Amino acid sequence: MLRRRLNRLLGRDERIADRRTIYVGHRSGSTNDAIIPPKFCDNRIVSSKYTVWNFLPKNLFEQFRRIANFYFLIIFLVQVIVDTPTSPVTSGLPLFFVITVTAIKQGYEDWLRHKADNEVNKYPVTVIEDGRRIRKESEKIKVGDVVQVEEEETFPCDLILLQTSRDDDTCFVTTASLDGESNHKTHYTVPDTGRDLESLNATIECEQPQPDLYKFVGRMHIYTSNQDPAMRSLGPENLLLKGATLKNTQRISGVAVYTGMETKMALNYQGKSQKRSAVEKSINAFLLVYLCILVSKALVCTTLKYAWQGTPGQDEPWYNEKTQTVKETNFYLKMFTDFLSFMVLFNFIIPVSMYVTVEMQKFLGSFFITWDKDFFDPEIKEGALVNTSDLNEELGQVEYVFTDKTGTLTQNNMEFIECCIDGFQYKYRDASSELDGFCVTDGPVSKLQQKAGREREELFLRALCLCHTVQVKEPIECHDQGDGLMDQVDGLEADGQETSSLQEQRGFIASSPDEVALVKGAMRYGFTFLGLESKTMKILNRNNAVEMYELLHVLNFDPVRRRMSVIVRSKSGDILLFCKGADSSMFPRVRQEEVERIRMHVERNATEGYRTLCVAYKYLSAEEYNQADKGLREARLALQDRDEKLMAVYNQVETGMSLIGATAVEDRLQEEAAETMMALQGAGINVWVLTGDKMETAKSTCYACRLFQRNTELLELTVRTLEDGGRRREKRLHDLLNEYYKKAVLDAPPVKGGVTRSWSSTNQDYGFIIDGATLSMVLNSSESNSSRYKNLFLQICQNCTAVLCCRMAPLQKAQIVKMVKNSKGSPITLSIGDGANDVSMILEAHVGIGIKGKEGRQAVRNSDYAITKLKHLKKLLLVHGHLYYVRIAHLVQYFFYKNLCFILPQFLYQFFCGYSQQPLFDAAYLTMYNICFTSMPILAYSLFEQHISIEVLLDNATLYREIAKNAMLRWGPFLQWTLLSLYHGLLFFFGVRFLFSNPALQDNGQVFGNWSFGTIIFTVLIFTVTLTLALDTRHWTWINHFVIWGSLAFYVFFSFFWGGIIWPFLKHQRLYFVFANMLSSVSTWLVIILLILLSLMPEILLTVFCKPRGSNARQMKHRLPSSGTSTIFMLSQTASTHSFSWSD
Amino acid sequence: MYSSMIGGLKVTQNQASKMIGKQSRSFVYDAFVLFFHVRADCVKRRYIHKMVKEEQPESVNRPDNTAFTQQRLPAWQPMLSAGIIIPGFVLIGLAFIGIGVALFVTSRSIQMLEMDYTGYEQNSPCFKCSDESVKNCMCNLDFNIDTLFKGPVFFYYGLSNYFQNFRRYGVSKDLDQLSGDMDAFLDPTSDCAPYQYDGNNKPIVPCGAVANSMFNDTFKLYQIVKGVKKLVPLDGKGIAWWTDYNIKYRNPTVKPLKNAFNGTVKPLNWPKPAYELDPSDPANNGFINQDFLVWLRTAALPNFSKLYRRITEGDYAEGLPAGNYSLEIAYNYPVLSFDGRKKVVFSNVSWMGGKNEFLGIAYLVIGSMCVVMSIVMLIVYAKFKFPEED
């Protein structure tokens, strides 16, 4: 009993949790009892993070969550609390600087967000309350309000469309700001609501807010005074999203269902998972090493201090007695404070400003990608887009590229090439472009010169005209013209020519370009789709008569079913189902005797690289239709598992069809696709093609892109090869995997240098092909074998020059990326794609690249970088990636280097000052070293350096291999840099120390003290550190000159200035005239010059003996054979006479 | 969208570029472009709001074709090659050898006489004074000069194992006092502790460890001419830094100086208060006593020497002639307790300062290293031909 009640309670809770009820216009439902208005959030968009009040604490809290900032805070606090050698200012000021810069940046951004928020939230909207129209601020809209929106306005929240000014209960919307798709989308009102909004009494039940823009389920109960409530299903076609714009419709009214932060737009802009680059991992590792160095230094000093004090007279000589409090302090506490003091003294070894500099470098550096005019595409008038600047350097580290085929390797610019009807081939020839009559469709390659019956032809063409979701673009100027056109169409006997030219210009809009190509193809054969008006599809047939079909249902396309259907009712009342889809999904669903005739054509077309679709139809009896109709309606009303239920009904309806024919659509290769792929392979990158397409089509694309070459041996692991042997699939899979493994991995000659692909002809190239079904077998086979198979598969793939995975579902793509990503050595992966089906792999890979293609903007929105064309990938990786990597790697190494040689003399000095934590450098120098004297040159370097020029990088893809596997940030180079800084530090200190064996360095016999000692070392340090960078700079722009010489000049100027005045706020005036006095000594000049030169010597010798890589590279200009504008069309693998061998 | 904002920025940028001149590649322009691009793109990137008002004007999207944005700024691309390095090394090497020889010769020509007078050994003349209980001990250090010790001769005293660079020691002084601030006389900074107040809680002026531990041995140099001691005049001026003496340290303006010190006590170790450091010369008295200033400039290393006097006057302006000399030492400064040593140094100086063999040798070694290395490189170069020159 109790449990049941509990269950009910819980059940109710669950129901509350997964749906919400909305009272339209805040009127209660069936009964008159008072409604408890459910609490929803208001319609305020808050994208800002801070308010005026909480900015300081919140921002500080967030900043101190960073480990580096926290570390400096601790150091600062230690300095404040404990008696330490340096004043708190020395670490407080840089910290303050860093924190302030970051806070200002974040504050500014937040201010912009506030401004934007206000603009949105204060936007006036019209709300209908009790029949009156009230102007309100947008933020005051509550869920359940009925909102009115005018043309060209954006929707202030997510609305269910109730009423529209158009006659056909539709409205048009663009979602350009949401997903970048600029076409007009049609949305529909909920039936039976539009007439009288004031008296409408309805509730809406819908799911809780979720971010998917294209999903919405709900239902509406409409209460009329005396009847049972009517129920209507609500889908995404009824939902108007916040942020979208109303077009071509004067006015609509809708009820708010999601408001404010619960709108789909707001949900979509919340937290994309952060990707971290490999460089950052290196930085953290190095930081750890330096922390260890720091702690051990402090430990060594503390230990030695107490050992040294053990000898009598050393601890407290008569001239330096301790104060009473110090004497009374506990011994261990003293030891601990000493340890802390040493930590503070050496804390500068951790580069405080590195994080800021790295961040600035990434932020500013990423603009060079956006600014690159080579990435600008004049067609869509857009350049590259950088969504995150954190991954710039990762572009230089890519080892695997996963590319989509359609729209990425190919243009997704579909062209109808040919069709086959009942097994007879019709080829459309551009040359004979007259459109009057079907006879032009000559070129019957079919040997028998036969044609299908006219009836079948027309059925086929009608199917093409009806089975799609294409919209006709309305003439934008005015509607009258459209009507005029209709008139013309009606009486068009006379001027058919003219009409057809008009029809040619007719614009079609569809989510997939295949559909447009098919509709256009049908148009060429005389069947023109005129448009859809209030559920009626109009077709202009070959006799220039308009046929009308009532559109009953659209069974939408989805990548799992791989087909779509429409159910229409013709004038004569016949109910027809037209279905088109991929052959694999169609053949099992049609009558088998028809299959064979068409299969031949489909396969031949696929081999030639065309995209093929099969078209089928069936007549539905009234009974069948009613059943299907009922099923569909029920499924659409379902709140839970709607998709699964719909799918079941679809599958049930789409059976027993008869096949009419097939179409072949050509998808041209992207510009320079082959060159790009060759360049990537030359760069040592493994290219994998992941596509949902058929194997034959994909294979020929690979040949055309030269991923596979004539001498490439293909290792196929597909359903076909698995079924060849006649044995059990699993067994066969096992055998094949082992065989390929032996061939590709064991027998292959050991390759030097890891990923390098040898270009010599002696090596056999392998290509690997796998399809989705087989892949899931490999991945999901029985537990014991799974990891073994996966391993074998990976190893084979790693030894292949190219891998093609076809028939992939979107999730499988991501699975593959994940598998490679987590394989041994965790290689850096990059995914590139243009469509919604690539989003998962774009998100999965280390670097996701979206192409601003024709399939909407989802890929772009989820990507880290977006480019307009595939060919830009070459420059993005080979040039930008390479340069960014070199820049940031050098930046990181240099930062550690300069801080170690900064602090090492300070450490060594402890041995000469009785371990008393005496700082060697003045506080001003300690503070300014990282933030003023040495920060700008390295920042300029890290923004402008081109150790190899852009052209050379583009021409020599092999250069990319030299930085592969994080080459510049591995322990080797790190050790090199550390040794260099040790050498420098030792040299600085002991050079000056030996000079000071006689401190009378001036010609007037006067002596120098300890601050002169430190200042000489510091001067040498500044010059050496800056000149070391200057030696490494290969590309001196005026900015580099300015910054490098400027920094040095600034140091000299600052030192004069700092030492030239008695500063009232300083206690000790330690540096008063120290610098000027130092320069008056010839010996000091000589020792400074000597030490600088000696420090730079190893670097100079190294550059001479180990030739700089660039100059070598300039020699080996491999000329890549250019493939021109090759298309798959020209270049099927059989007909190829081109030779791609590299041997010359 | 954000178009209006970006558009606005672009407009200003375009106007600006027109103002400055479209073709100019001036620094100002580049910086300007950078600034505005950053602003605009920052807005573009960080700004998530999608307020659609109008479509962006398309030309806005086109990246600017300037050398800066395209990373094609004219650049100097130096390439260190053997062709530059070998002659460069030879030149540097030769120059260094030249400097090294000059330094070495100069350093050699500098005469230096060092004498330890700690009295650690029994046979040392100052042995009797090394016992701390003996007060006002005097000892004589006799020495002889063979040849003329060219003048001007500089007279240093040196201390070993003496850590003037202890951190607490170094900060233990009050610059306010030392620059004549009377307020600080009565309230010395706490840095001076435990030399801040004496046992009666009276402020110490000058306070702190540095002042307290001021070197107080005094020396008189005699030349023994025919058995008669002839006093060699020692010049105590110009031994401290000019800026220390004239600017950094000051006496209080009170006249007579003694009155400024009312209510204060002298440092514990001092035999006489600061205003009596040199009663004979008011310009060398109090805080601007040059011995005191020399001591205040703390040494860098535990073994150091400091300038005591110059010998520039009278018969000795040309230097110390050959002969027998006697140094009369008032031995006050205890060093044996911390195992320290005291010495006196007579030295003349050159343009490079005091005697310092290190610099000359270092220059010679590195100069010859450069030359040798360039020869090695030349051989390697001749034999293997660096690939680039092909």
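What you see is a predicted model, and the numbers here were worked out from it, not measured in a lab. Residue numbers start from 1 in every chain, and the chains themselves are labelled A, B, ... in the order their sequence lines are given, proteins ahead of strands.
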Residue, of B/W242, B/W241, B/F96, that accumulates the most heavy atom pairs under 4.5 Å with chain A: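 Top option by heavy-atom pairs under 4.5 Å: B/W241.
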Using a 4.5 angstrom heavy-atom cutoff, name the option from B/F89, B/Y169, B/W351, B/F154 with the most pairs to chain A. B/Y169
Residue pair [X] / [Y], side-chain heavy-atom distance below 4.5 Å:
X: B/M352; Y: A/T1084; answer: no
X: A/V1007; Y: B/F304; answer: no
X: B/F163; Y: A/S916; answer: no

Over 60° means perpendicular and under 30° means parallel, so classify the ring planes of A/W318 and B/F338, tilted if in between.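 If you compare the ring of B/F338 with that of A/W318, the planes turn out tilted.
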Which heavy atom in B/D191 sits nearest to a heavy atom in A/H1068, and how many Å separate them? OD2-NE2, 3.8 Å
Has the side chain of B/Q70 got a donor or acceptor atom that lies under 3.5 Å from a matching backbone atom of A/W371? yes
When the aromatic ring centroids of A/W1038 and B/F68 are compared, is their separation below 6.0 Å?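 No.
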Aromatic ring proximity, centroids under 6.0 angstrom, A/H1041 and B/W76: yes
Between B/R72 and A/E951, is the closest basic N to carboxylate O distance under 4.0 Å? yes
At a heavy-atom distance under 4.5 Å, which candidate from A/I1062, A/N1077, A/L1001 has the highest pair count against chain B? A/N1077
